[in-house]
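Contents: one structure, followed by commentary.
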There are 2 protein chains.
Amino acid sequence: MIEAKQGVAREAAFKKIDPAFQVTMRDHVYRAIRSAILSGAFATGERINERHLAEQFGVSTTPIKEALRQIETEGLVETLPRRGVAIRFSPQWAEEMILARAALESMIAHLAAKRIDKASGAELLATVDIMETATASGDADRLIALNETFHDHIHRSSRCGYLAKLIERQQFYDASIRRIIHLDPTERQKALSEHASIAEAIVTGDADLAERLMRNHVVRSGDTYLGIVFGKQKNI
Amino acid sequence: MIEAKQGVAREAAFKKIDPAFQVTMRDHVYRAIRSAILSGAFATGERINERHLAEQFGVSTTPIKEALRQIETEGLVETLPRRGVAIRFSPQWAEEMILARAALESMIAHLAAKRIDKASGAELLATVDIMETATASGDADRLIALNETFHDHIHRSSRCGYLAKLIERQQFYDASIRRIIHLDPTERQKALSEHASIAEAIVTGDADLAERLMRNHVVRSGDTYLGIVFGKQKNI
DNA sequence: ATCTGAAATCTGATATACCAGATGTCACAA
DNA sequence: TTGTGACATCTGGTATATCAGATTTCAGAT
């Protein structure tokens with residue numbers, strides 16, 4: 001292939017649009033219902049009606065059904081054939097979602113410590129530095145974003161697509177709740193020091209330490225969320 | 001409420017039928033497609049067509065779509081809106097499914113060690129005893145069933161419904177492949193001794209040991225499966 | 001007062017038609 | 001030869017109608 005466009009008439013370089021970007025009714029419905037369940041809008045055991053939901057959203061039952069099947073696979077609801085869909089999410093479920101996330105994140109941290117390269121490691125440490133600044137200034141929204149960057153970076157470094165995807169589903173709190181936590185200086189400081197030590201362990205290549213630290217971090221911060229959302233402590 | 005039926009005319013006591021027992025088209029299709037994907041019937045990246053599947057199964061596209069949404073949530077396929085459904089399962093995905101299972105099973109073993117009661121512990125040890133007999137006699141099918149009993153028992157002892165459910169989805173091999181493994185005396189013996197030590201750790205209440213043993217067990221046996229299914233070894 | 005069971009009704013399950021974005025084809029112009 | 005763009009076509013997305021199991025209601029029998 002001949003090299004084109006050298007010098008003059010350079011075109012603007014746009015990035016390819018991710019096909020998954022497109023938002024379908026199903027996707028919208030999925031997010032809305034999932035979020036509602038996780039925020040406790042339904043009582044455990046409560047039945048939800050596909051037709052009613054369709055009416056509320058102003059769509060047909062088809063996207064509702066597909067969305068419910070996804071939520072069912074996540075374990076948040078249970079479908080009893082020809083009987084109905086029942087909410088399964090509960091405080092206990094939330095506890096276990098934290099445990100699942102702890103187990104998976106620690107596994108991925110372990111692998112990241114083994115697989116991360118120099119450049120990526122430097123980026124991770126740089127992220128922690130930025131976090132330190134944000135922690136001091138108390139910018140909650142910025143911290144939330146950085147937190148995501150931090151964990152995403154570790155996920156990528158582990159080169160585990162499936163595990164990363166699985167972890168995404170183990171989150172039962174949203175940005176509004178995270179903000180509450182990040183507004184507390186003590187909590188902010190705790191999270192920062194944990195992130196720092198996790199990053200160090202990963203960059204150093206100490207897989208076992210990274211694993212242990214990550215697990216404790218997820219469980220501890222998870223407990224804090226549990227306390228906020230359900231007003232109680234976990235009993236492990 | 002008045003106590004009825006004392007003495008005479010006792011009715012036959014039937015167990016309640018689990019509503020989830022009923023098999024719908026969707027459920028059948030879900031299992032069939034999932035199993036086909038996991039057994040390697042489709043190449044990674046290959047596109048599958050909802051209409052074609054509907055024709056093959058002789059049903060409409062509705063149950064197909066719902067089943068695909070479930071499989072998508074499991075991460076085995078990816079749906080690109082208005083473009084198509086593509087297979088995502090690959091040897092790497094299988095490796096990660098093992099890792100996920102190892103992480104989750106070890107977490108659940110940890111909890112089981114902390115929560116199991118005397119009676120349940122005795123049952124677990126009894127199961128191992130039976131496994132010992134079956135291992136000696138080489139009854140592969142019996143061993144497969146016992147294996148399931150063993151892990152289920154641990155799941156129940158941990159009192160974790162969500163985690164147990166999550167683990168179920170991390171299995172990429174079916175009974176026919178398990179049989180192959182259980183026909184190998186060396187492998188059988190290895191599995192037995194691992195099961196025995198896991199059971200002991202759990203009954204003793206040594207959570208950390210149980211966790212470590214379970215993790216190694218899942219990873220090791222998982223590697224064996226990987227070798228059989230894909231003819232290669234994992235590179236952790 | 002209580003039990004029985006037919007009928008009304010509720011709910012999810014499935015089939016079908018049609019919509020709309022994505023892609024491929026190919027005649028036609030430059 | 002090459003690039004353009006209308007158009008045929010492929011694919012999933014959505015709406016709607018209908019099917020069938022599950023549940024409830026309630027009149028009629030005991």
Side-chain angles (χ1 to χ4, degrees), chain A residues 1-5 9 11 14 16-33 37 42 45-73 76-88, chain B residues 1-5 9 11 14 16-33 37 42 45-73 76-88:
Chain A
M1 195 188 193
I2 300 170
E3 290 292 292
K5 300 183 217 90
E11 292 176 12
F14 292 111
K16 195 175 285 183
I17 294 175
D18 183 351
F21 167 76
Q22 189 168 156
V23 177
T24 60
M25 283 298 133
R26 164 177 87 233
D27 202 46
H28 175 80
V29 165
Y30 162 75
R31 284 188 233 272
I33 299 179
I37 294 174
F42 302 97
E46 184 179 344
R47 301 277 271 278
I48 54 183
N49 183 298
E50 298 186 353
R51 280 184 173 81
H52 293 174
L53 285 175
E55 271 180 54
Q56 287 187 53
F57 282 107
V59 300
S60 77
T61 62
T62 312
I64 302 286
K65 291 180 81 63
E66 290 186 38
L68 284 176
R69 292 300 84 73
Q70 302 188 199
I71 294 170
E72 179 188 5
T73 305
L76 301 180
V77 302
E78 178 178 24
T79 301
L80 302 169
R82 294 176 200 284
R83 301 239 255 160
V85 180
I87 301 295
R88 269 199 112 180
Chain B
M1 196 191 198
I2 300 169
E3 290 293 289
K5 298 179 216 91
E11 293 177 9
F14 292 111
K16 193 174 287 183
I17 294 176
D18 182 351
F21 166 77
Q22 186 169 157
V23 178
T24 61
M25 283 297 134
R26 164 177 87 233
D27 201 47
H28 175 81
V29 165
Y30 163 74
R31 283 188 233 271
I33 298 179
I37 293 173
F42 301 98
E46 186 178 342
R47 301 277 271 276
I48 55 181
N49 183 297
E50 298 186 352
R51 281 183 173 81
H52 292 174
L53 286 174
E55 273 180 52
Q56 287 187 52
F57 282 106
V59 299
S60 78
T61 61
T62 312
I64 302 286
K65 291 177 82 61
E66 291 186 40
L68 284 176
R69 292 300 86 74
Q70 302 189 200
I71 293 169
E72 179 187 6
T73 305
L76 302 180
V77 301
E78 177 178 24
T79 301
L80 304 169
R82 295 174 200 283
R83 302 238 257 163
V85 179
I87 301 295
R88 268 198 112 180

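Here is the naming used below: chain letters follow the sequence lines, and residue numbers restart at 1 for every chain. Treat the numbers as computed from the prediction; the structure is a model and nothing was measured. FYI, side chains are in, hydrogens and waters are out, and symmetry mates aren't considered; it's all heavy atoms of this structure.
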Check this for me, if you would: do B/Arg69 and B/Glu66 make a salt bridge, where the nitrogen-to-carboxylate-oxygen distance has to be below 4.0 angstrom? no
For DNA chain D, just give me the dot-bracket, please: Watson-Crick or G-U, both distances below 3.5 Å, ( ) intra-strand, [ ] crossing earlier pairs, | paired with another strand, . unpaired. ||||||||||||||||||||||||||||||
Sequence neighbours excluded and cut-off under 3.5 Å, please list the side-chain donor-acceptor pairs for residues 52-65 of chain A, or say none.
from: A/Ser60; atom 1: OG; to: A/Thr62; atom 2: N; distance (Å): 3.3
from: A/Lys65; atom 1: NZ; to: A/Glu50; atom 2: OE1; distance (Å): 2.9

Distance col, row B/Gln70:CD vs A/Leu68:CG, nearest 0.5 angstrom, shows 10.5 Å
Would you give the length of the straight line joining atom OG1 of A/Thr24 to atom OH of A/Tyr30, rounded to the nearest 0.5 angstrom? 12.0 Å
Quick check for you: to the nearest 0.5 Å, what is the distance between B/Glu46 atom CD and B/Ile48 atom CD1? 8.0 Å
Are any non-hydrogen side-chain atoms of A/Arg47 and A/Asn49 less than 4.5 angstrom apart? no
Kindly give the heavy-atom pair with the smallest separation between A/Ala86 and A/Gly45, and that separation in Å. CB-O, 4.0 Å
Under 4.0 Å protein heavy-atom contacts per nucleotide of nucleotides 11-16 of chain C, with B for base, S for backbone only and - for none: BBBBBB
Give me the first and last nucleotide of DNA chain D, going 5' to 3', that has any atom under 4.0 Å from a heavy atom of chain A. D/dG13 to D/dT23
Please state whether the phosphate of C/dA22, meaning OP1 or OP2, lies under 4.0 angstrom from any side-chain nitrogen or oxygen of A/Gln22. yes
For B/Arg31, enumerate each residue passing the side chain to side chain contact (heavy atoms under 4.5 Å, CB included) test, keeping only those at least two apart in sequence or located in another chain. B/Asp27
side-chain hydrogen bond (donor to acceptor under 3.5 Å, both in side chains) partners for B/Arg82, two or more places apart: A/Gln22
